[in-house]
S.K.: 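Have a look at this one before I ask anything.
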Amino acid sequence: MGKKYYTYILASKKDGVLYVGVTNNLKRRIYFHKGKYDKESFTSRYFIDKLVHFEEYDNPLSAIEREKKLKRWKRDWKIELIEKENPDWDDLYKNII
């Protein structure tokens with residue numbers, strides 16, 4: 001089994017502040033966001049720790065490309081993407097631990 005890479009979207013709450021990121025270890029990365037280990041980070045300052053969307057890739061460049069694309073998207077497009085698979089904005093972290 002090859003290494004996996006992830007593009008993800010975090011939210012502070014439903015329709016709250018959004019954050020788009022990329023990682024090669026989704027479980028560890030979200031744990032880091034939830035722990036607010038870097039008190040000065042954007043996600044810590046705005047209480048953004050709810051995993052509301054993620055995508056898996058086999059190739060790191062594909063995941064990075066997707067992250068960059070999502071960061072350029074309008075907010076409405078991101079919300080539509082989230083609600084397509086996660087209409088209640090559930091924290092998906094519990095599904096990956």
Side-chain angles (χ1 to χ4, degrees):
M1 187 165 124
K3 192 162 180 96
K4 299 293 181 186
Y5 304 88
Y6 303 88
T7 299
Y8 62 93
I9 301 176
L10 298 178
S12 58
K13 60 183 178 179
K14 183 172 178 152
D15 295 322
V17 181
L18 300 176
Y19 173 85
V20 177
V22 67
T23 185
N24 66 356
N25 187 325
L26 187 61
K27 184 177 172 180
R28 180 186 69 215
R29 187 69 180 126
I30 303 308
Y31 179 84
F32 186 82
H33 284 298
K34 286 185 171 296
K36 298 176 181 29
Y37 294 104
D38 180 358
K39 303 295 183 203
E40 300 301 315
S41 73
F42 179 80
T43 57
S44 289
R45 286 190 317 236
Y46 293 96
F47 306 101
I48 307 167
D49 65 358
K50 189 174 179 183
L51 178 64
V52 293
H53 177 80
F54 67 93
E55 301 168 4
E56 184 178 290
Y57 296 89
D58 294 325
N59 180 312
L61 295 179
S62 297
I64 293 167
E65 260 181 50
R66 179 64 168 165
E67 177 203 25
K68 288 178 180 181
K69 183 177 180 181
L70 288 174
K71 285 184 174 192
R72 290 190 304 265
W73 275 21
K74 294 179 181 180
R75 178 179 173 78
D76 291 346
W77 298 352
K78 293 174 194 172
I79 290 172
E80 186 177 328
L81 177 66
I82 293 163
E83 291 184 345
K84 182 178 176 185
E85 298 292 325
N86 188 3
D88 296 325
W89 292 61
D90 293 326
D91 189 351
L92 303 174
Y93 180 69
K94 63 184 177 243
N95 298 340
I96 62 169
I97 56 173

S.K.: Please find the pair of heavy atoms, one from G35 and one from K39, that lie closest to each other, and give the distance.
M.R.: O-NZ, 4.2 Å
S.K.: So do D49 and L10 actually touch side chain to side chain, heavy atoms under 4.5 Å?
M.R.: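 Heavy-atom side-chain distance check fails, nothing below 4.5 Å.
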S.K.: Check the pair Y8 / H33 against ring-ring contact (aromatic ring centres under 6.0 Å, His included), numbers first and verdict last.
M.R.: CA-CA 12 Å; Y8 62 93; H33 284 298; 5.7 Å; yes
S.K.: For the atom pair CG (L51) and OH (Y6), what is the distance rounded to the nearest 0.5 Å?
M.R.: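 OH of Y6 is found 11.0 Å from CG of L51.
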S.K.: Holding to side-chain contact (heavy atoms from CB on, under 4.5 Å), I want the full list of residues that pass it with N24, two or more places apart in sequence or in another chain.
M.R.: K3, Y5, R28
S.K.: Are the side chain of T7 and the backbone of A63 linked by a donor-acceptor contact shorter than 3.5 Å?
M.R.: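 At least one qualifying donor-acceptor pair exists.
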S.K.: Using side-chain contact (heavy atoms from CB on, under 4.5 Å), reason through W89 and I79 one step at a time and then give a plain yes or no.
M.R.: CA-CA 10 Å; W89 292 61; I79 290 172; 4.0 Å; yes
S.K.: Between D38 (side chain only) and E40 (backbone N and O only), is there a donor and an acceptor less than 3.5 Å apart?
M.R.: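 Confirmed, D38 side chain pairs with E40 backbone.
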S.K.: Determine the minimum heavy-atom distance between H53 and L81, stating which atoms define it.
M.R.: NE2-CD2, 3.6 Å
S.K.: When you look at NZ of K71, are more than 12 heavy atoms from neighbouring residues, nucleotides or ligands closer to it than 6.0 Å?
M.R.: yes
S.K.: Of the non-hydrogen atoms in R75 and G16, which two are nearest, and what is the gap between them?
M.R.: NH2-O, 2.7 Å
S.K.: Can you check whether T23's main-chain N or O pairs, donor with acceptor, with R29's side chain at less than 3.5 Å?
M.R.: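 Not a single qualifying donor-acceptor pair exists.
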S.K.: For L70 and K78, work out which heavy atoms get closest and say how close.
M.R.: O-CE, 2.8 Å
S.K.: Taking all atoms of both residues into account, what is the closest heavy-atom pair of K50 and K34, and its distance?
M.R.: CA-NZ, 4.5 Å
S.K.: Any chance you could measure K13, atom NZ, to Y46, atom OH, to the nearest 0.5 Å?
M.R.: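 Going from NZ on K13 over to OH on Y46, the span is 13.5 Å.
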S.K.: I'd like to know if the side chain of S12 and the backbone of F47 have a donor-acceptor N/O pair within less than 3.5 Å.
M.R.: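 Such a contact is absent between S12 side chain and F47 backbone.
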S.K.: Taking atom NZ as the centre, does K94 end up with more than 12 heavy-atom neighbours from other residues, nucleotides or ligands that are less than 6.0 angstrom away?
M.R.: yes
S.K.: Any side-chain heavy atom of Y93 sitting closer than 4.5 Å to one from F54?
M.R.: no
S.K.: Mind checking whether I30 and Y19 sit in one hydrophobic cluster, side chains of I, L, V, M, F, W, Y counted as touching below 4.5 Å?
M.R.: yes
S.K.: Do the side chain of D90 and the main chain of L92 share a donor and acceptor less than 3.5 angstrom apart?
M.R.: no
S.K.: Taking R66 first and then E55, would you say they form a salt bridge - that is, a charged N and a carboxylate O separated by under 4.0 Å?
M.R.: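 Looking at R66 and E55, the cut-off is met.
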S.K.: Distance check, rounded to the nearest 0.5 Å: E67 atom CD versus I9 atom CD1?
M.R.: 10.5 Å
S.K.: Can you name the closest pair of heavy atoms from L18 and F42 and give their distance?
M.R.: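 Nearest pair, atom of L18 first, then F42: O-CE2, 4.0 Å.
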S.K.: Measuring from atom CG of N59 to atom CD of E65, what distance do you get when rounded to the nearest 0.5 angstrom?
M.R.: 8.5 Å
S.K.: Does some side-chain heavy atom of K14 sit less than 4.5 Å from a side-chain heavy atom of I82?
M.R.: no
S.K.: If you group Ile, Leu, Val, Met, Phe, Trp and Tyr by side-chain heavy-atom gaps below 4.5 Å, do W73 and V52 land in one group?
M.R.: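 Yes; V52 is reachable from W73 via cluster members.
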S.K.: Charged N to carboxylate O under 4.0 angstrom, K84 versus E80?
M.R.: no
S.K.: Counting neighbours of CD on E56 that are heavy atoms of other residues, nucleotides or ligands and sit closer than 6.0 Å, is the number greater than 12?
M.R.: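 More than 12 within 6.0 Å, yes.
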